[in-house]
Amino acid sequence: MKLRTKLPLVVVPLIAGPLLLVGLLAYIELKNSSENTGRQQVDTLIEQFDNQLQQTIASAKANVSIFSDDLLLKNYLLTEDAEERYGLLQRPLQKKLLTIQRVYPEYYEIRVLLPDGYEDLRLVNRDLPNLIEEEASSPTFQAMRSVEQDTLAQVGINPDNGALALYVSCQIRLVNIAVDSFRAAPKLRGYLSLTISLQRLIDALSPSPWPQGGIILTDTSGAILAASKELDTPQLLADYDLAQNIIQQADMSLPLLNNQQYHHHSRRLQEGLWVHMLFPQSELLKDSRDISQLVLIVCLAAITCSIPLLLFLLRRQFLKPVENLNQALASLGEQQQLVQVAVQSDDEIGELSHSFNNMSLALNESNEKIRNLAFSDSLTGLPNRLMFAKNLRREIETARRSKGSLALLFIDLDNFKHINDTQGHQAGDQLLVKVADIIQANLRGYDSLSRVVGGDELLSVARLGGDEFTLLLQHLDTELMAGQVADRLIRAISEPIDVLGKPCYIGCSIGIATYPNDGNTGEDLIKHADMAMYQAKMRGKGNYQFFSNTIATLSEQRVFLDQRLHQAVDELNFELHYQPIIDSKTQEIVSVEALIRWNDAQLGAVPPDQFIPLAEENGLILAIGAWVMEEAAQQQSVWKKSNLPCLKIAINVSSIQLNQPDFAQQMADLLIKYKLSKDDLYVELTETALLQGEGLALDNLHKMHQLGISIALDDFGTGYSSLSYLQNLPIDILKIDRSFIMNLQEHNNGVILSAIITMAHALGMKVVAEGVEDHQHLAFLDTEGCDLLQGYLFSRPCPAREIEQLLEKSPLLPALA
C-alpha cells in the first residue's frame, strides 16, 4: 500500500477520533463546569449570608462586652439592696440603655438578668409583650449559664413575638471591693442580654437567583425558621425532610421533588441554625446542553474540512519543523547551557521557534541568576550560608583524604545591634559591606580558599546572616596561624569605619574550631566555632578563643542554666532580700535595697551576676523585673500597715526595662495598687543603662521624675562617669561603687571619693557609699560628709523578717564622736 493511501488511512482516524473525543469531553466538561459554577454560586450565596450573620454576631459581641463594662451597670449589679437598686440606679441605667438602643435600633430588646434567671430590667423599642420574666428554665438562659466563655450568641425564635432573633449575652463577673478581698476572684453578678432583629438577613433570602429555587433557614431538627418568598415550601417539601442532610452530615444531595431532581445544599451557620439551598438541576444544565450541541456541530465541521488541509501541512510544513524542535527540546533536557533552532518560516511554527529560542535564552539567564542568588549574599556579594556549607563539606573531604587540617573562624561583630538601632538599617547595611571588604582585604595568600565553580571564584569568606561571618583556612601547619589571622582581623575591624560620612567604632569577637581536632563534619565545626565565639564575648569581646572541652562544658552549663531560669520564671521561684541603707549621722536605717535571690533545686544558690545577664539576653528580664517591682511594692505595703518606721525601698532596673514604653506607668500603677506614696519606692539605674538608653528610656526617666519618684545612679565611677548626664538627667541619688571604698588607700581613691561627694552635693544630689565594711571606711565617709552608707558593717542582705528585727534595734552602730 502506497504512502498516499496509508497516510489518509492513518491520519483520518487520528484526526476524527480525537475531535469526536474532544466533543464528548467538552460536553462532559461543560456539564461539570456548569455544576461547579452552580456549586460556586451556592457557596458564594451561603458564604455571603454566613458573613452577614457572623458580622452581626461579631459586632453584637463586641458591643455587649463594651456595654457590660459600663460603671453604672456594674454598680447596679453590685447593689444588693433591691429597693436602693430600683430607686436610685434603675432609671439612670434605663436612660443609658435607651441611648444605646437609639444608636442600635435593631437591638430591640435589652435585658439585665440576675444569676438566678430573673429578668431584673428590660427595655424594648417596639410593642412587644413580655410573656416570661423568670428565664431560669428557658433554653437561652440555660445556654448562658452553661457556656464557658464570657459572651454567647444564639439564634432562635423569640417566644414573645414568634420572630427569628439573635440573642447575644455577656456574663458580668465583678469583685465587690467593699466586702471582698482584693485578691478575691470575680463573682457572677448577672447577665446583659441583647435581642437583635434578623429581619434584614431574612429579607436577603429573596429574590432567589434561580426560578423555582430558593434559600431556607432551619434549626437542627429541620424545622423551617425562614424561607425565600419564591419557594412554595408546603408543596415542595411535602414528602421531604430537610434534616436528612443534617443527620447524614452531607453537604449536598439530589432529592426528587415535584417530579424533578433538585440540588439540595446545606451548611451549619452556628449551633442550632442551618441554611439550605434548593434549585432544579434542569436550570443548572440548561446552558451546557445548548453549548454541547454547538460543540458537536463544530467538531463535525472541523473533521470534514481539516483533514485534507492537515495532510498537506503535515507533509510540507509541520513534520520537519516539529522534528527540529523536538531535537532542540531533547538537547535542552540534557542541560546544555544554551540551545537555539533555525527559524524557517514566519507562521506559527516560526513563532514557536522564536518563542523556543527566547525561552531557552531566558531560561539560561534565569539559571545564572538562580545560581548567584542561591549561593551569594545579596548585600555583600560574599558566599552565603549554603555555599559556605558546600565548600566546607568539600574541603573537609579533601583534608580527610590528604590527612590535612582546616581552621574555621566564626566572626561576630560587637555592638552591631546598637549601631543598627541608633543609626538605622541603611547604616547597618553599609557597615556590613565595609566589614566584608575589610575581612577580604586583610587576608593573605595562605588565608583564602579559591575554587572555580562555573567560572566564578568563590573565596572562603562567607556571611552566614546578620552580623555573622565565617572564614575557612586550609593547609595549616599550626593553630598559631589561625590565631594570627584572627588577631589581624580583630585589629582591623576595631579601627574607625566611615559609615554615611561618620566614623563608626565597633569590634568583633572570633571563635576558632579546627579539623579534625574539634569535629569531623561541617555542622560540628560551625557549632563549636560558634561556642568559642560566644566564650570570646563572655570574656569581654574584642578577642578570639579556640574551642575546647571546657568551652563545650560552659556552653552546656549555660543552656542548662537557661532552661532552669525559664522554669524559675514560670514558677516564680525567687525571693527578695533587703540590704539596709544607713543615715551617716544618726546610724538609723532609712531605706533598703531590694536584691533578688534564686535558690534552684538542682543548681543551688545562683548568684545574680550569673543569671541576670542571661535574663537580659533571652528577654526574661522583663518578667523578672516586673516580679521584683510587684514583690517590693507589696512588702512596702505590709511594712506600712505594720506601723514600722518609714523606709524607702530601692528597686534595681535594667536598661531593657527602662526602654519599655509603659515602664513609668507601671511604677505609677504600683503606687496606686498598693496605696503607696511617691517616697515609698525609688529606682536604681546603672551608668550602662543610661548610656544605652534611647528616647523611650529618657522619656520614662522624666515621667518618673514628674511623678516624684526618686532616681539613683548605681555603681558610679565604673563607667564613663560623664558630668553631662548628671547635669541634664533627673538624678537624685549618686551611689559610689564599692570598689572605691574597698581600695580606699590605693590610687588616690580617697581624693576621688571626696571630689565625687563634693560634686554630687553641688548638684543637689545625695550620696550613698556602697561596700562599707569596717570602721575606717565609716570614719572617712563621715568626715567627707557622705549622706548614706551601705555595707556589711551594718548588715548583709537579708529576708524581710530580719529587716523588721534590725529596725527594732536601730541605730545599728553608735554615732562617731
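- At a threshold of 4.5 Å between non-hydrogen side-chain atoms, the residues P799 and R597 do not count as touching.
- Each of L77, L73, T151 was compared with L192 under the side-chain contact (heavy atoms from CB on, under 4.5 Å) criterion, and only L73 meets it.
- By the salt bridge (Lys or Arg N to Asp or Glu O under 4.0 Å) test, K74 pairs with D69, sequence neighbours left out.
- Scored by the ring pair (Phe, Tyr, Trp, His ring centres under 6.0 Å) test, F410 finds no partners at all (sequence neighbours excluded).
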Point to revise | Full working for side-chain hydrogen bond (donor to acceptor under 3.5 Å, both in side chains) between N652 and E593 | key: CA-CA 8 Å; N652 290 282; E593 180 181 2; 2.9 Å; yes
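- No side-chain heavy atom of D583 sits less than 4.5 Å from a side-chain heavy atom of I589.
- Taken to the nearest 0.5 Å, the CG atom of D609 stands 12.0 Å off from the CG atom of L614.
- Between D680 and K648, no side-chain nitrogen of the basic residue sits less than 4.0 Å from a carboxylate oxygen of the acidic one, so the salt-bridge criterion is not met.
- Checked for salt-bridge contact, K766 and D732 miss the test: no charged N lies under 4.0 Å from a carboxylate O.
- Under the 4.5 Å side-chain criterion, counting only non-hydrogen atoms from C-beta, S193 is in contact with M144.
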Check your understanding: Stepwise, does the side-chain contact (heavy atoms from CB on, under 4.5 Å) test hold for L561 with Q563?
Key -> CA-CA 5 Å; L561 180 64; Q563 294 173 348; over 6 Å; no
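- Take D150 and apply the salt bridge (Lys or Arg N to Asp or Glu O under 4.0 Å) test, not counting sequence neighbours, and it matches no residue.
- Not counting sequence neighbours, Y76 has no partner by the ring pair (Phe, Tyr, Trp, His ring centres under 6.0 Å) test.
- Salt-bridge check for E80 with R85: failed, with every basic side-chain N at 4.0 Å or more from each acidic carboxylate O.
- Pairs passing the ring-ring contact (aromatic ring centres under 6.0 Å, His included) check and including a residue from residues 630-672, sequence neighbours excluded, read Y578-W639.
- Counted by atom type alone, D81 and T79 present zero donor-acceptor pairs between their side chains at under 3.5 Å.
- Partners of Y505 under the ring pair (Phe, Tyr, Trp, His ring centres under 6.0 Å) rule, at least two apart in sequence or in another chain, do not exist in this structure.
- Of the N and O atoms on the side chains of N599 and E575, not one donor lies less than 3.5 Å from an acceptor on the other residue.
- With a 4.5 Å cut-off on side-chain heavy atoms, Q660 and L696 do not count as touching.
- Surrounding NZ of K640 are more than 12 heavy atoms belonging to other residues, nucleotides or ligands, all under 6.0 Å away.
- Considering only heavy atoms from C-beta on, P811 stays 4.5 Å or farther from T586 through its side chain.
- A side-chain donor-acceptor contact under 3.5 Å links Q545 and N543.
- The shortest side-chain heavy-atom distance between R738 and V772 does not fall under the 4.5 Å cut-off.
- Side-chain atoms of Q665 and K703 form no donor-acceptor pair, as typed in the model, at a separation below 3.5 Å.
- Enclosure of atom NE2 in H705 is not indicated, since only 12 or fewer non-hydrogen atoms of other residues, nucleotides or ligands lie within 6.0 angstrom.
- Electrostatic pairing of D120 and R111 does not count as a salt bridge here, judged by no charged N lying under 4.0 Å from a carboxylate O.
- Side-chain atoms of F611 and I596, non-hydrogen and from C-beta on, do get closer than 4.5 Å to each other.
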Exercise for review: Check step by step if side-chain hydrogen bond (donor to acceptor under 3.5 Å, both in side chains) holds for K673 and Q634.
Suggested key: CA-CA 9 Å; K673 180 177 179 180; Q634 185 178 6; over 6 Å; no
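- Between the side chains of D414 and S509, at least one donor N or O sits under 3.5 Å from an acceptor N or O.
- Defined by atom type and a distance below 3.5 Å, a donor-acceptor pair is present between the side-chain atoms of D562 and N618.
- Between Y191 and F141, the gap from one ring centroid to the other is short of 6.0 Å.
- Once rounded to the nearest 0.5 Å, the distance linking CG of D715 with NZ of K735 reads 8.0 Å.
- Counting heavy atoms from C-beta outward, L701 and I731 have side chains that stay 4.5 Å or more apart.
- The pair E571-R564 fails the salt-bridge criterion, with no side-chain N (NZ, NE, NH1 or NH2) lying under 4.0 Å from an Asp/Glu carboxylate O.
- In this structure, W627 and F574 have tilted ring planes: the angle between them lies in the 30° to 60° band.
- The CG atom of L806 sits 5.0 Å away from atom SG of C798, with the distance rounded to the nearest 0.5 Å.
- Looking at E631 and Q635, their side chains never bring a donor and an acceptor atom within 3.5 Å of each other.
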